[in-house]
*Asks:* 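What follows is a single structure, and I will ask about it in a moment.
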Amino acid sequence: MSVNYTDPFSVWKSFYSEVEPKISQSLQKVLESEEYAAAAGQMLNATLQLEHLYSRQMEKLLQNYKLPTTKDIARLCELVIGLESKIDQIEERLIRLEQSIQTGDMGKQIALLSQQLSALIGSLQSIEKIGTTEETPTRGRRQPRTTRNVKEADESTQE
């Protein structure tokens, strides 16, 4: 006695080959119909409304529990990125400043400013000395205008 077994995969393959084109054509007609498009639009609209309601309720719940929402985390990320950008700018400026100091440009400018400051201090000290001494007319030194005017007035009255 011999037993004949049929291969179940070959039966499935033949069934699929015969039925698939017919099902595909009928589904294509349904998917292209206006009724299906309207129903799919309504389902999409309802899904979006439910998702919006869910996200609002979740946000309120998280706020009640003092937990951050995705918006809070996104805002925090933006602030951190802005802070990193500012730090990078400061770092670049410091690098340029270090380079200018190393090349000596800044050192030369500081030395020049120091010389000018020393000269200015010397001038101020000499002005201060002149102001503190008594104003005695000496040869070659001009008398203050007010004193000269008074002496000229006295000489004119004596004549």
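Heavy-atom basis, side chains included; hydrogens, waters and symmetry copies ignored. Quick caveat: nothing in here was measured; it's all calculated off a predicted structure.
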*Asks:* Looking at residues at least two apart in the chain, or sitting in another chain, which of them share a salt bridge (charged side-chain N to carboxylate O under 4.0 Å, His left out) with Lys60?
*Replies:*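 By the salt bridge (charged side-chain N to carboxylate O under 4.0 Å, His left out) rule, Lys60 matches no residue at all.
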
*Asks:* When rounded to the nearest 0.5 angstrom, what distance separates CD1 in Ile81 from CG in Leu76?
*Replies:*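 Reported to 0.5 Å precision, the distance equals 10.0 Å.
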
*Asks:* In terms of hydrophobic clusters joined by side-chain contacts under 4.5 Å, are Phe15 and Leu27 together?
*Replies:*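 In one cluster with Phe15: Leu27, yes.
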
*Asks:* Measure the NZ-CD1 distance between Lys71 and Ile73 for me, rounded to the nearest 0.5 Å.
*Replies:*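 One finds 13.0 Å between NZ of Lys71 and CD1 of Ile73.
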
*Asks:* Heavy-atom count check: over 12 atoms from other residues, nucleotides or ligands less than 6.0 Å from Glu20 CD?
*Replies:*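 It does: Glu20 CD has more than 12 such atoms within range.
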
*Asks:* What distance separates Leu124 CG from Ile121 CD1, expressed to the nearest 0.5 Å?
*Replies:*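 Spacing of CG (Leu124) from CD1 (Ile121) equals 7.5 Å.
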
*Asks:* Determine, using the 4.5 Å side-chain heavy-atom cutoff (strictly less than), whether Phe9 and Tyr16 are members of one ILVMFWY cluster.
*Replies:*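 Result: no, two separate clusters.
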
*Asks:* Are Tyr54 and Leu61 connected into the same hydrophobic cluster when the rule is that any two of I, L, V, M, F, W, Y join if their side-chain heavy atoms are below 4.5 Å apart?
*Replies:*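 Same hydrophobic cluster.
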
*Asks:* Determine whether Asp72 and Thr69 satisfy the following criterion, side chain to side chain donor-acceptor pair (under 3.5 Å), listing intermediate values before the conclusion.
*Replies:* CA-CA 5 Å; Asp72 295 335; Thr69 62; 3.2 Å; yes

*Asks:* Rounded to the nearest 0.5 Å, what's the gap from NE2 on His52 to CG on Leu50? Could you check?
*Replies:*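 It comes to 11.5 Å.
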
*Asks:* If you define the side chain from C-beta out and look only at heavy atoms, does anything of Leu112 sit under 4.5 Å from Gln115?
*Replies:*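 Sidechains of Gln115 and Leu112: in contact.
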
*Asks:* Over all heavy atoms of both residues, which pair between Tyr36 and Val30 is shortest? Give the atoms and the distance, please.
*Replies:*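 In terms of heavy atoms, the two residues are closest at CB-O, 3.2 Å.
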
*Asks:* With sequence neighbours excluded, what pairs up with Val11 under the side chain to side chain contact (heavy atoms under 4.5 Å, CB included) test?
*Replies:*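 Listed in chain order: nothing, the list is empty.
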
*Asks:* Do side-chain atoms of Asn45 reach the backbone of Gln42 as a donor and acceptor pair under 3.5 angstrom?
*Replies:*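 Looks like no, no N/O pair under 3.5 Å.
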
*Asks:* If you round to the nearest 0.5 Å, how far is CD of Glu84 from NZ of Lys86?
*Replies:*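 Here the rounded value is 12.5 Å.
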
*Asks:* Just verifying a value: how many Å separate Ser17 OG and Trp12 CH2, rounded to the nearest 0.5 Å?
*Replies:*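 Interatomic distance, Ser17 OG to Trp12 CH2, rounded to 0.5 Å: 10.5 Å.
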
*Asks:* Under 4.5 Å between side-chain heavy atoms, counting indirect links through other Ile/Leu/Val/Met/Phe/Trp/Tyr residues: same cluster for Ile87 and Ile95 or not?
*Replies:*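 No; Ile95 is not reachable from Ile87 via cluster members.
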
*Asks:* Passes side chain to side chain contact (heavy atoms under 4.5 Å, CB included), Val80 versus Leu83? Steps please.
*Replies:* CA-CA 5 Å; Val80 167; Leu83 184 61; 5.5 Å; no

*Asks:* Is there a side-chain contact between Gln49 and Leu53, using heavy atoms and a 4.5 Å cut-off?
*Replies:*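 Of all side-chain heavy-atom pairs linking Leu53 with Gln49, none is under 4.5 Å.
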
